[in-house]
2 protein chains.
Amino acid sequence: MFRVCVFCDNRLTRKENVTLRMKKVSPTIRDVAVEAGVSVATVSKYMNGTQRFSPAVEARLKEAIERLGYRSNPLARSMITGRTRTIGLAILDISNPHFTNVVKGANRIALQHDYTLLLVDTEENQARERSLIEALAQRVDGLIVSSRMPDEESQWMLDLNKPLVLLRRSPGLPIPSVGIDNRLSTYMLARHLLNLGHRRIAYLGFGQARINDERIRGARECLDEAGLTLDVHDAHAPTAKAGEQACSRVMLGPQRPQAVICYNDLIALGFMKEAASLGFKLPRDVSVTGIDNVPYGEYAAPALTTIDIQSEKMGELAMQKLIDGLAGRSDAEHSMFEPRLIVRESTAACG
Amino acid sequence: MFRVCVFCDNRLTRKENVTLRMKKVSPTIRDVAVEAGVSVATVSKYMNGTQRFSPAVEARLKEAIERLGYRSNPLARSMITGRTRTIGLAILDISNPHFTNVVKGANRIALQHDYTLLLVDTEENQARERSLIEALAQRVDGLIVSSRMPDEESQWMLDLNKPLVLLRRSPGLPIPSVGIDNRLSTYMLARHLLNLGHRRIAYLGFGQARINDERIRGARECLDEAGLTLDVHDAHAPTAKAGEQACSRVMLGPQRPQAVICYNDLIALGFMKEAASLGFKLPRDVSVTGIDNVPYGEYAAPALTTIDIQSEKMGELAMQKLIDGLAGRSDAEHSMFEPRLIVRESTAACG
DNA sequence: CTGAAAGCGCTAACAC
DNA sequence: GTGTTAGCGCTTTCAG
C-alpha cells in the first residue's frame, strides 16, 4: 500500500507514511532529495555550500527546496558536527540594567557571527545556579557566566568541558574573563568627593557580591591618604528597593555622612529617593554616587553621578573572547575595562 | 589493536578509539552501559525514570554514572522525542525595561516547567526580524513573539509549524496572544488629566508601533466627550533619547500643552528631563504621563504618573499559555490585562 | 560532480 | 526487569 507524500507527490516507505498522521511535519532532507531527484548527500552539500554543482542539479535543488519550504534541522546537524551555533549566557538578574546592557552587547556580537543566545537568569539564586548552568552547558558551544560563587567553589565549571568566559576577575581559575577595575572605580569616586570638600564619606555596599571588597578597598585607600576613614554600611540586595531600605539607617544614625558611595546605581537611586522622602535636599544635604551608569540614572533627580563601567562593551568583549576561543584563538587573560567618572547633579561641593 | 577507554577501562571499537583524539569528550550512554554491565536501553530508562529496576542494577547504574560523570545529551534526546524543552522568546529590545520584565516573567514560568529560554533581541530591526525568528523556531518547541509586523504580513508565522503566542492583539491571526487594553489605558490617562483641570492635552506617540493608533483613539474618545481635541505628536523611537528630542517641538510650539500623554515611560522620562532643561517646572508648567510602569519611573523627578501594564505578568501569562498549548490544552484566545493608573508626582492640577 | 553507506547519542517498540 | 534493534535528520568519508 502506498500513499502520496504531502510534500512531493512521491511514494513513501512505511515509516515515512507514519509521518502523515502527525499534526504538522517539516520536510526532511530526504523529501528534498526525492523531489529533486538527487541523493541526500547532494542536498546536504548544497545546503552547506560545501561544493559546486552542475547548473541542472542546482536549479532542481533550488526549486525543490523552495517548493517544499525546506529548512534543515539544526539539531540533527549539531549531532554530527558537535556544534550548535548557540552561546549560553548566565546572568544574575535581567532586571538590572547593567546586565541588560551586557546581554545587549553580547547578543550583538553573537548575531554578527551567526550565533544565537541562550539566556539563563539565575535570579540571584545561588542554590539553583550550578544546576542551571550545567544544564545550559549541554546545549551550547560555550558559555558566558556571571556568578557570585567564589573561585574556590567554582572548580566544577572546568568540568563543563566547554569554552567559558567569566564576567568577573577570577585569578583562582584558568578561565578568561572580563570585568572592570573595581578598586579604581571607588578610588575615583572617593577622590571626586574629597575634591568637593566632603570629609565624612560612607559606603553603602552589597556584601554578597564578590567585588564588594574591592570596591571598599578602593575607597578606603583614597580616604586613608587623606587621613579619613570610610563608614561602611550594607544593603541586603543590589536593588533600588534595598537602597531605599538602607537609607534611614545611614542618614539618621549618629554619624551622618556628607557623601555616600553606593555599590551600584540601583542602590543609589533608591537611596536618593528615600533621602528626599526623609526631608533631605540633594545634593545639598548629601552627595550620592552610584556605579554602572545605567540608563536611568540620567533621568533621576538629581541626575546620578556614577562610574561608567561600559556594560554593553563588556558583553561585546566577553562574546568576542568566547567566539575567538571557539575558533581556536584562545586568550585566557582577564580584560579590564577602565572606569570613567560621569559627573552629574547628585554630587556637589560640601556646604 | 585495542586501546583502553578513558572512562571505563574497557575495550573500544575502532570508532570509539577515534574519540580519544578529541580534546575533551563527554561519556555517552554506551560508556555507561559498558561500565555498569547493562544495555544502553537500561541506562536510558534509568535516566528518564521510565521504569523500576532491581536494586543491584540500580546501584551499578548509579555508580557508573557517578564515576563517569555522565550527563545525557539533550540534542540526541530531542532528535527522537521531537521536543527540546526550550522556548523561544523574540522581543523588540531588551534595553526597554518593559521587555526586560516580560522576559523575567516568562523565564520564571519556563523554569518552573523545566523549560529553558532562548532569547532573540530583534533590536527593532524589521528586516532581520523574520529570518531571526525563523531560525529560532527551528530550535525550540514553541515561541513567544513581539513584533511590529502587521497581521497581514505575519502569515509566515503560521508556517513555522510551532505553537506560538503573540505579545499583542492580533485579530487577523489565529494565534493566541496577550496584551493590554491600549485604548482604555490612554482613555484613563486622559480622564485623569481632565479631572485635574487640563484642557490642552497633547499625545507624544510612536507611529511605528502597531498599538499607537489604539492609544491615540483612547485619548481622543475621552477628549471628544469633553469637546476637546488631542494634539498628536510623534517621537521617532520608543526611547528616552527620542523623548528628549521631541520635547522642544511639543513644548515650544504655538499651542503649548498643559499636559502630555507619552507613548511609553521611556519617552516620558526623556521628555521630562528635557522640559526641565528648557526651564519648565514640572508638574507645574506641564503634566506628563507615561505607560508601562517601568521600575525607574518611580525614581525620576518628578516621579512619573503612568499606567501599569503588568509587564512581568504578561510574560508569565504568555509563557503559561504556550506551555499549556504544548501540553495540548490549547487556548487560542487573546488575554487582555487591565490597565491600572499609577498616580505619582508628574501630574498635578492645572494651575 | 554525485551517490551509497556509516553513523552522531539517544529513545521506543518489542522480545525475552 | 532487561536486552535487541531500528531509526531521529543529518554530515561525511569514500567510491564512482
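Throughout, protein chains are lettered first and strands after them, A, B, ... in sequence-line order, and every chain is numbered starting at 1.
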> Between B:Asn48 and A:Ser39, who's closer to the 5' end of DNA chain C by nearest nucleotide?
Replying inline: A:Ser39
>> Can you measure B:Tyr46 atom OH to C:dC10 atom C1' for me and round it to whole angstrom units?
In response: 18 Å
> Taking the side chain from A:Lys162 and the backbone from A:Val140, do they hold a donor-acceptor pair closer than 3.5 Å?
Replying inline: yes
> Taking for each residue the nucleotide of DNA chain C bearing the nearest heavy atom, is the 5' side occupied by B:Pro74 or by A:Gln51?
Replying inline: A:Gln51
> Contact class for B:Tyr70 (heavy atom, under 4.0 Å): base, sugar-phosphate, or nothing?
Replying inline: sugar-phosphate
> To the nearest angstrom, how far is A:Arg77 atom CZ from C:dG9 atom P?
Replying inline: 17 Å
> To the nearest angstrom, how far is B:Arg71 atom CZ from C:dC10 atom P?
Replying inline: 12 Å
> Which one, C:dT11, D:dT11, D:dC10, comes nearest to the side chain of B:Ser44?
Replying inline: C:dT11
>> Do B:Ser170 and B:Arg168 pair up side chain to side chain, a donor and an acceptor below 3.5 Å, judged on atom types alone?
In response: yes
>> Output the rounded distance in Å from CD1 (A:Ile29) to C1' (D:dT11).
In response: 8 Å
> Contact class for B:Ser72 vs. all strands (heavy atom < 4.0 Å): base, sugar-phosphate, or nothing?
Replying inline: sugar-phosphate
> Starting at the 5' end of DNA chain D, which residue's closest nucleotide do you reach first, B:Val57 or B:Met79?
Replying inline: B:Val57
> When the distance from NZ of B:Lys45 to C1' of C:dA12 is rounded to whole Å, what number comes out?
Replying inline: 8 Å
>> Any base atoms under 4.0 Å from A:Val38, or only sugar-phosphate, or nothing? Heavy atoms, all strands.
In response: sugar-phosphate
>> The side chain of A:Val40 is closest to which nucleotide in this list: C:dC1, D:dG1, D:dT11?
In response: D:dT11
> Between D:dC10, C:dT11, C:dT2, which one does the side chain of A:Ile80 approach most closely?
Replying inline: D:dC10
> Out of C:dG9, C:dT2, D:dT2, which has the shortest distance to the side chain of B:Phe53?
Replying inline: D:dT2
> Between B:Asn73 (CG) and C:dG7 (C1'), how many Å, whole number?
Replying inline: 15 Å
>> Nearest whole Å is fine: how far is C:dT11 C1' from A:Leu75 CG?
In response: 14 Å
> Whole Å only: how far is the CZ atom of A:Arg83 from the C1' atom of D:dT12?
Replying inline: 13 Å
